[in-house]
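Notes for the one structure printed next.
Start at 1 and go down the list; that is how both ligands and their atoms are numbered. Predicted model, so just to flag it, every value in this text is computed and none were measured.
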Amino acid sequence: MSEKKNPVSAAAEKIAQKLQDAVSPGNELPGAPGPEAAPVDEPTEAREPLPPKHDQRGPDTYSPTGRTTGARQRDVAQAGAYLTTAQGARLYETDHSLKAGPRGPVLLQDHHLREKVTHFDHERIPERVVHARGAAAHGVFRGYGAAAGISKAAFLAEGVETPVFVRFSTVLGSRGSADTVRDTRGFATKFYTDEGVFDLVGNNIPVFFIQDAIKFPDVIHAGKPHPDREIPQAQSAHDTFWDFVTLHTEATHHTLWNMSDRGIPRSYRMMEGFGVHTFRLVNAEGDTTLVKFHWKPKLGVHSLVWEEAQITAGMDPDFHRRDLADAIEAGAFPEWELGVQTFPDTEDQMFQGIDLLDATKLVPEELAPVRPIGLMTLNANPSNFFAETEQVAFHLGHLVPGIDVTNDPLLQGRLFSYLDTQITRLGGPNFGQLPINRTHAPVNDMLRDGMHQTAVHRGVAPYRPHSLDGGCPFLAGEETGAYIEVPVEVSASRKARDAAVSFDDHFSQARLFWLSMTATEREHIVAAYTFELGKCWEEAVKERALMVLANIAPELCTQVAVGLGLPVPEATVSLAPVGPSPALSQLGKEWPVDGRIVGIVTDGEYDLDGVREVRRAVLDAGMVPLVVAPAGGRLDPTGDPVTVQRTFTTARSVEFDAILLAGAPAPAADAYGARDAKADDLAAVATGLDPRLLLMVTEAYRHGKAIGAWGQGGRVLEVAGLPADSAGVVSATDASSVLRSVTALLARHRAWDRFTPAL
Ligand code: HEM
């Protein structure tokens with residue numbers, strides 16, 4: 001089968017299958033592989049979350065009498081054919097409570113009722129105080145060995161494979177908020193190494209709002225909804241956020257990234273990740289190197305446009321979550337290379353004038369290239385959201401030999417905060433025993449008791465040294481043990497609530513970022529500031545924000561001021577003499593098109609052969625075709641049927657990366673949809689085209705998406721007023737040449753020429 005030769009294509013086909021509108025049995029996609037037809041090089045077993053090795057350790061099953069003290073937890077969860085109570089008693093009824101007669105009061109003795117309702121009453125745990133909304137996946141990390149000279153961490157050695165669990169998140173929103181809001185994204189990775197767990201808890205933005213963790217409660221209080229009415233949800237477009245970031249101008253650089261396209265990623269699969277802080281690596285000889293960690297996505301870094309992000313938040317609030325899960329389920333496993341920028345571990349911990357302990361600063365890749373040291377592949381979805389994604393607990397203090405922290409004051413505060421919050425969030429100090437948090441290395445600690453203790457520890461002497469339990473745990477040597485502090489000198493100084501003078505520079509790198517953007521990206525930034533500040537109520541906050549922008553770039557400040565209708569202020573500092581870092585721009589590069597979603601619009605009759613052909617070609621290119629028609633069901637059911645996956649009632653342009661027009665569907669093909677047509681769409685109806693199709697096409701055009709048409713499809717372009725020679729619009733006589741041109745456009749993500757930058 002061709003799917004076996006081309007796993008990407010097979011993966012795309014499976015995504016297409018997954019994305020179908022409620023397809024009835026027997027209505028499968030023609031040619032779609034069944035579950036048994038998984039691609040050969042992606043065995044289905046590999047997609048199962050790997051059971052923690054620690055599951056087999058002694059204490060779980062130990063009992064002084066030699067019998068097990070209970071079934072192992074994984075056997076308890078839903079084993080057996082009968083419905084039971086939590087105690088394993090089989091139930092014959094679960095829909096009626098025990099009453100004194102059919103119409104009588106409920107009896108207190110009904111244990112099944114009380115157990116069921118009580119457990120339900122306690123099902124929720126507090127959401128994370130930040131990063132509450134997230135999605136996660138299992139995978140594997142494979143070391144390249146390129147870091148062997150600078151770190152003795154065993155999992156970085158060549159060819160070593162380490163299971164990982166990654167959770168992506170937004171920061172400000174609650175658990176139920178939308179995925180596509182403008183925000184920073186969390187990118188936290190747990191490596192289950194043979195030497196213990198290593199967590200890399202980063203973001204998709206390489207700098208942070210604040211330089212010292214003591215301000216974290218403040219920045220989060222400012223960014224979260226206002227405490228009186230708890231609005232707005234999951235947004236920074238409100239007074240308190242802008243009040244904070246303009247009073248604490250160290251936040252300027254991170255805020256600028258949020259206002260750029262990085263604040264609205266197209267997919268978790270298309271985001272970079274950054275460890276943000278500088279870490280210290282230690283090699284076998286004890287030599288140290290300072291590093292910054294980077295995750296580079298194989299699919300490139302891509303973003304939504306703002307209107308698209310807003311529409312998506314309503315049409316599909318789970319857009320990113322769904323995208324990640326569907327891709328993995330289909331075998332289109334997302335991949336990132338882990339890389340490091342390396343710096344000499346000098347006494348001042350500066351690199352070319354950049355303070356490596358200041359988390360509001362990045363080091364341009366042109367000055368310190370990112371050296372790849374391993375590859376991460378996400379290849380399995382969690383089996384249970386709560387057990388895994390919700391209960392996972394990351395911590396910067398989870399370190400392995402060869403990786404150490406630095407004195408970055410933001411990092412130092414984080415070392416305290418995560419364990420502390422998790423004790424509340426996960427209900428006690430034993431959350432490390434939850435399956436998703438368990439290390440895969442053997443454990444022999446002296447931590448005892450506490451809420452939710454599930455280990456049955458042996459012996460009487462949980463202290464060291466001891467002489468009672470017939471063997472005292474060994475201590476590792478300095479070379480192999482973790483938490484050996486690198487003997488860096490701590491300069492004798494006076495205690496002070498203070499920071500280094502270099503921390504006072506709040507604008508130079510914001511300017512560097514601005515200068516690194518293309519004209520189109522700058523226009524998006526101007527629009528984002530104008531939107532966000534336009535949502536603020538307090539004039540003083542807006543004026544202060546303009547003063548901050550004047551210190552970054554006068555042209556940015558002027559454009560935003562025009563949009564807000566406010567005077568342009570003078571800069572309060574002289575503009576920093578910095579140059580651009582072209583690596584920071586997302587544009588001008590070409591990337592693989594794997595997993596891109598292509599909508600194929602048909603009227604249901606015209607050129608169905610072209611539709612079949614283009615659908616097959618989209619799959620062969622590793623992309624996902626979704627057939628859109630006026631009504632659901634199957635087209636040409638007696639011939640070679642084509643399944644309709646979206647109708648004009650369920651489809652919206654935001655779901656597609658590109659649209660192919662194979663026909664020109666008429667309105668009122670479905671009566672309900674026709675009623676949807678608004679009065680101002682009547683003109684469109686008069687043209688003989690379904691107004692919802694015109695909305696889809698004009699929206700896609702506004703969002704810079706590639707649009708292709710052939711045959712009857714060309715009429716849609718005409719009615720929509722899109723000349724066939726406009727940027728990113730392709731018209732030809734046959735389906736294959738249209739798809740060829742559209743695929744080439746997709747490699748650049750959008751038809752960027754369609755935006756007409758003023759800057
Ligand atoms: C470079 C700066 C920072 C980055 C990159 C960062 C990243 C993250 C990420 C990715 C998460 C979500 C982890 C998950 O998916 O479970 C998270 C959660 C959290 N962060 Fe940070 N953070 C930063 C700064 C801080 C600071 C300064 C503090 C506190 C002083 C802090 C406190 C927290 C807390 C309390 C949570 C919730 C943890 C949990 O409930 O498990 N973060 N952070």
Side-chain angles (χ1 to χ4, degrees), residues 125-138 164-175 179 183-190 197 199-224 248 250-251 253-255 257-258 262 265 268 271-279 292-295 320-321 324 356-362 382 385-398 405-406 408-429 431-432 434 436-437:
I125 60 171
E127 64 177 31
R128 288 169 178 79
V129 64
V130 282
H131 295 263
R133 167 88 185 165
H138 294 266
V164 294
F165 187 70
V166 178
R167 184 173 179 273
F168 303 104
S169 49
T170 52
V171 179
L172 291 176
S174 301
R175 258 190 77 181
D179 281 344
D183 198 354
T184 306
R185 299 299 187 285
F187 189 140
T189 309
K190 191 176 280 295
V197 166
D199 287 345
L200 185 53
V201 197
N203 281 341
N204 75 328
I205 290 179
V207 290
F208 203 64
F209 287 110
I210 47 171
Q211 296 162 319
D212 187 320
I214 199 167
K215 286 190 187 181
F216 192 70
D218 305 312
V219 66
I220 297 303
H221 288 168
K224 284 274 187 182
H248 298 259
E250 71 205 65
H253 191 190
H254 189 160
T255 308
W257 277 75
N258 284 119
R262 303 279 182 146
Y268 289 139
M271 293 189 327
E272 278 179 297
F274 303 92
V276 181
H277 311 285
T278 302
F279 291 81
K292 282 185 180 285
F293 288 108
H294 294 243
W295 289 113
H320 286 154
R321 192 178 265 205
L324 179 69
L356 297 174
L357 299 190
D358 177 354
T360 67
K361 306 285 190 322
L362 53 79
F385 188 92
F386 180 82
E388 301 176 271
T389 311
E390 198 56 16
Q391 294 200 112
V392 67
F394 298 93
H395 195 305
L396 276 88
H398 294 166
V405 294
T406 57
D408 172 346
L410 189 73
L411 191 166
Q412 295 274 323
R414 293 181 74 194
L415 288 173
F416 166 73
S417 179
Y418 288 70
L419 172 58
D420 182 47
T421 195
Q422 284 151 4
I423 289 173
T424 294
R425 182 166 73 81
L426 298 166
F431 58 83
L434 293 168
I436 194 65
N437 293 325

Which of the atoms of ligand 1 are close to Phe394, meaning less than 4.0 Å from one of its heavy atoms? 13 (C), 14 (C), 15 (O), 16 (O)
Could you check whether any side-chain heavy atom of Thr389 comes within less than 4.5 Å of a side-chain heavy atom of Arg167, counting everything from C-beta outward? yes
According to the interplanar angle, ranging from 0 to 90°, do the rings of Phe208 and Phe216 count as parallel (below 30°), tilted (30 to 60°) or perpendicular (above 60°)? parallel
Taking only heavy atoms of Arg167 into account, list the atoms of ligand 1 that are under 4.0 Å away from them. 14 (C), 15 (O), 16 (O)
Side-chain heavy-atom pair Asn203, Trp257 within 4.5 angstrom cut-off: no
Interfacing atoms of ligand 1 (cut-off 4.0 Å, heavy-atom, Arg425): 39 (C), 40 (O), 41 (O)
Based purely on interatomic distance, does Arg128 place a nitrogen or oxygen under 3.5 Å from a nitrogen or oxygen of ligand 1? yes
Could you please spell out the steps behind the side chain to side chain contact (heavy atoms under 4.5 Å, CB included) verdict for Asn258 and Ile205? CA-CA 8 Å; Asn258 284 119; Ile205 290 179; 3.7 Å; yes
Numbered in order shown, the ligand 1 atoms found under 4.0 Å of a heavy atom of Gln422 are 39 (C), 41 (O)
Between Arg414 and His277, is there a side-chain donor-acceptor contact under 3.5 Å, judged purely by atom types and distance? yes
What number of protein N, O or S atoms occur at distances under 2.8 Å from atom 21 (Fe) of ligand 1? 1
Spacing of CD belonging to Glu390 relative to CG belonging to Leu434, to within rounding of 0.5 Å: 12.0 Å
Looking only at protein heavy atoms, which one is nearest to atom 5 (C) of ligand 1, and how far off is it? Asn203 ND2, 3.2 Å
How would you list, by chain and number, every residue that makes a side chain to side chain donor-acceptor pair (under 3.5 Å) with Glu272, sequence neighbours excluded? Arg262, Lys296
What I want to check is whether the side chains of His138 and Glu388 have a donor and an acceptor closer together than 3.5 Å. yes
Closer than 4.0 Å to some heavy atom of Val129 - which atoms of ligand 1 meet that? 35 (C)
So if I apply the side chain to side chain contact (heavy atoms under 4.5 Å, CB included) rule between Trp295 and each of Asn204, Leu200, Val166, which one comes out positive? Leu200
For His277, the ligand 1 atoms with a heavy-atom partner under 4.0 Å come out as 1 (C)
Could you tell me whether the side chain of His320 and the main chain of Ala135 form a donor-acceptor pair under 3.5 Å? no
Heavy-atom gap Phe416 to ligand 1 smaller than 4.0 Å: no
Heavy-atom gap Gly134 to ligand 1 smaller than 4.0 Å: no
Heavy-atom pair of closest approach, residues Thr360 and His253: O-ND1, 2.9 Å
Parallel, tilted or perpendicular: which describes the rings of His254 and Phe209, with under 30° parallel and over 60° perpendicular? parallel
Provide the number and element of each atom of ligand 1 under 4.0 Å from a heavy atom of Gly202. 5 (C), 10 (C)
Proximal ligand 1 atoms for Thr421, defined as those under 4.0 Å from one of its heavy atoms: 35 (C), 38 (C), 39 (C), 40 (O)
